[in-house]
Visitor: 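The structure under discussion is supplied below as structure tokens; questions concerning it will follow.
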Amino acid sequence: MIAPSDRTSLPREFFDRPVLEVAPDLLGRVLIRTTPDGPIALRLTEVEAYDGPNDPGSHAYRGRTTRNGVMFGPPGHVYVYFTYGMWHCMNLVCGPEGEASGVLLRAGEIVEGAELARLRRVSARNDKELAKGPARLATALGVDRALDGADACAADDTEIRIVSGTPVPADQVRNGPRTGVAGEGGDGDAHPWRYWVADDPTVSPYRAHVPRRRRS
DNA sequence: AGCTGGATTTGCT
DNA sequence: GCAAATCCAGCTC
């Protein structure tokens, strides 16, 4: 359960900061997804920063498109994209309006409504896997393009909202290179894009990017 | 525990 | 056309 005092919404100013400041500060925060069947709450344990138009790994790198328009809007809103013909992934827009930075929500612990999450994540072998990975997280919460652009800083429980939770102390935050992103190639990565909670069992395993082989 | 191929839409070259 | 901010089943070690 989430303590009532930890249920206050994060203010929009929280997201109106440099993305590398916001990303580690998101760990331990709680996303509340309201569905027709009831609420699902998720405590964030792993996130990944995308630094606007200067970042070759970002969807915003080549400018605005139909897909990524929300990234160029105000902070605190949700950017949802569809990929690999099958999956949705979810970001929170950061920085001032127009900068197009965002934080990809990579993994978390379901702290409320696990029974609802299990209905959508039938292949999960245990509850730690319900939201272990960005597409699994979106699936567990029932998030798709319909939520693209939703305001996560709303005062009351709307379709999706992020609340204070219990921030993770700095000495329990770990960081490292991105996983699964083209151009991030294994070593020489100067920026600590990815942040996670030390020793948390819901954090997704590191995978280096693997270029796909051509079809026959 | 670790690797491989397949699923399948969207955006960019 | 091809690669993608991925996941899963099925296989081998």
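Worth saying up front: this structure is predicted, and the values here are computed from it rather than measured. Only this structure's heavy atoms are used, side chains among them; waters, hydrogens and symmetry mates stay out. So that the names make sense, note that chain A is the first sequence line, chain B the second, and so on, each numbered from 1.
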Visitor: Nearest whole Å is fine: how far is C:dA5 C1' from A:Asp51 CG?
Guide: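 Atom-to-atom, A:Asp51 to C:dA5, this comes out as 15 Å.
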
Visitor: Please state how far atom CG in A:Leu105 lies from atom P in C:dT6, giving the value in whole angstrom units.
Guide: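 Rounded to whole Å, this separation is 13 Å.
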
Visitor: Can you confirm whether or not the ring centre of A:His59 sits under 6.0 Å from the ring centre of A:Tyr50?
Guide: no

Visitor: Just the table, please: protein N/O against nucleotides 7-9 of chain C N/O, every pair under 3.5 Å.
Guide:
from, atom 1, to, atom 2, distance (Å)
C:dC7, OP1, A:Pro134, N, 3.2
C:dC7, OP1, A:Ala135, N, 3.0
C:dC7, OP1, A:Arg136, N, 3.2
C:dC8, OP1, A:Arg121, NH1, 2.6
C:dC8, OP1, A:Ser123, OG, 2.6
C:dC8, OP2, A:Arg136, NE, 2.8
C:dC8, OP2, A:Arg136, NH2, 2.4

Visitor: Are C:dA5 and A:Tyr50 stacked, with the base six-membered ring and the side-chain ring centres under 5.5 Å apart and planes under 30°?
Guide: yes

Visitor: Would you jot down, in residue-number order, the residues of residues 91-98 of chain A having a non-hydrogen atom under 4.0 Å from DNA chain C?
Guide: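 Those residues are A:Asn91.
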
Visitor: Given atom CZ of A:Arg178 and atom C1' of C:dA4, what is their separation to the nearest angstrom?
Guide: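 Roughly 14 Å, once rounded to whole Å.
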
Visitor: Hey, can you pull the residues of residues 53-78 of chain A with a non-hydrogen atom under 4.0 angstrom from DNA chain B?
Guide: A:Arg62, A:Thr65, A:Arg67

Visitor: What verdict does the side chain to side chain donor-acceptor pair (under 3.5 Å) test give for A:Thr202 and A:Thr45, after you've listed the backbone C-alpha separation in whole Å, the side-chain angles of each residue and the deciding distance to 0.1 Å?
Guide: CA-CA 7 Å; A:Thr202 64; A:Thr45 59; 2.9 Å; yes

Visitor: Among residues 14-30 of chain A, which residues get a heavy atom nearer than 4.0 Å to DNA chain B?
Guide: none

Visitor: Got more than 12 heavy atoms from elsewhere within 6.0 Å of CG, A:Asp171?
Guide: yes

Visitor: For the pair A:Lys128 and A:Asp200, evaluate salt bridge (charged side-chain N to carboxylate O under 4.0 Å, His left out) and give the outcome as yes or no after the intermediate values.
Guide: CA-CA 10 Å; A:Lys128 295 179 194 58; A:Asp200 191 291; over 6 Å; no

Visitor: Using a 6.0 Å cut-off, check whether atom OH of A:Tyr61 has over 12 heavy atoms from anything other than its own residue.
Guide: no

Visitor: Mind calculating the distance between CG (A:Leu104) and P (C:dT6) to the nearest angstrom?
Guide: 7 Å

Visitor: Indicate yes or no: does A:Arg33 engage A:Glu159 in a salt bridge with an N to O separation below 4.0 Å.
Guide: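 Between A:Glu159 and A:Arg33 there is no salt bridge, as every charged N stays at least 4.0 Å from the carboxylate O atoms.
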
Visitor: Against the six-membered ring of A:Trp196, is A:Arg174 placed for a cation-pi contact (under 6.0 Å from the centre, within 45° of the normal)?
Guide: no

Visitor: Are the side chain of A:Ser58 and the backbone of A:Ala60 linked by a donor-acceptor contact shorter than 3.5 Å?
Guide: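 A pair under 3.5 Å: yes.
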
Visitor: For A:Glu129 and C:dT6, what is the distance between atoms CD and P respectively, to the nearest whole Å?
Guide: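 About 17 Å, once rounded to whole Å.
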
Visitor: Is there a side-chain contact between A:Val163 and A:Leu10, using heavy atoms and a 4.5 Å cut-off?
Guide: no

Visitor: Dump the intermediate steps for side-chain contact (heavy atoms from CB on, under 4.5 Å) on A:Val78 and A:Asn91, then the final yes or no.
Guide: CA-CA 6 Å; A:Val78 170; A:Asn91 297 251; over 6 Å; no

Visitor: Pairs counted as Watson-Crick or G-U wobble with both distances under 3.5 Å: what dot-bracket string results for DNA chain B, using | for bases tied to another strand?
Guide: |||||||.||||.

Visitor: Can you tell me if A:Arg106 uses its side chain to pair, donor with acceptor, with the backbone of A:Gly133 under 3.5 Å?
Guide: no

Visitor: Are the charged groups of A:Arg67 and A:Asp148 less than 4.0 angstrom apart, N to O?
Guide: no

Visitor: Round to a whole Å and report the spacing from CZ of A:Phe82 to P of C:dA3.
Guide: 19 Å

Visitor: For A:Val19, what residues pass the side chain to side chain contact (heavy atoms under 4.5 Å, CB included) criterion, not counting sequence neighbours?
Guide: A:Ala49, A:Asp51, A:Cys94, A:Ser101, A:Val103

Visitor: Would you check, one step at a time, whether the test side-chain contact (heavy atoms from CB on, under 4.5 Å) holds for A:Val30 with A:Arg7?
Guide: CA-CA 8 Å; A:Val30 174; A:Arg7 279 184 171 274; over 6 Å; no

Visitor: Would you indicate whether the side-chain heavy atoms of A:Asp156 and A:Arg161 approach each other to under 4.5 Å?
Guide: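 No, side chains not in contact.
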
Visitor: Hey, is A:Asp127 close enough to A:Arg118 for a salt bridge, meaning N to O under 4.0 Å?
Guide: yes

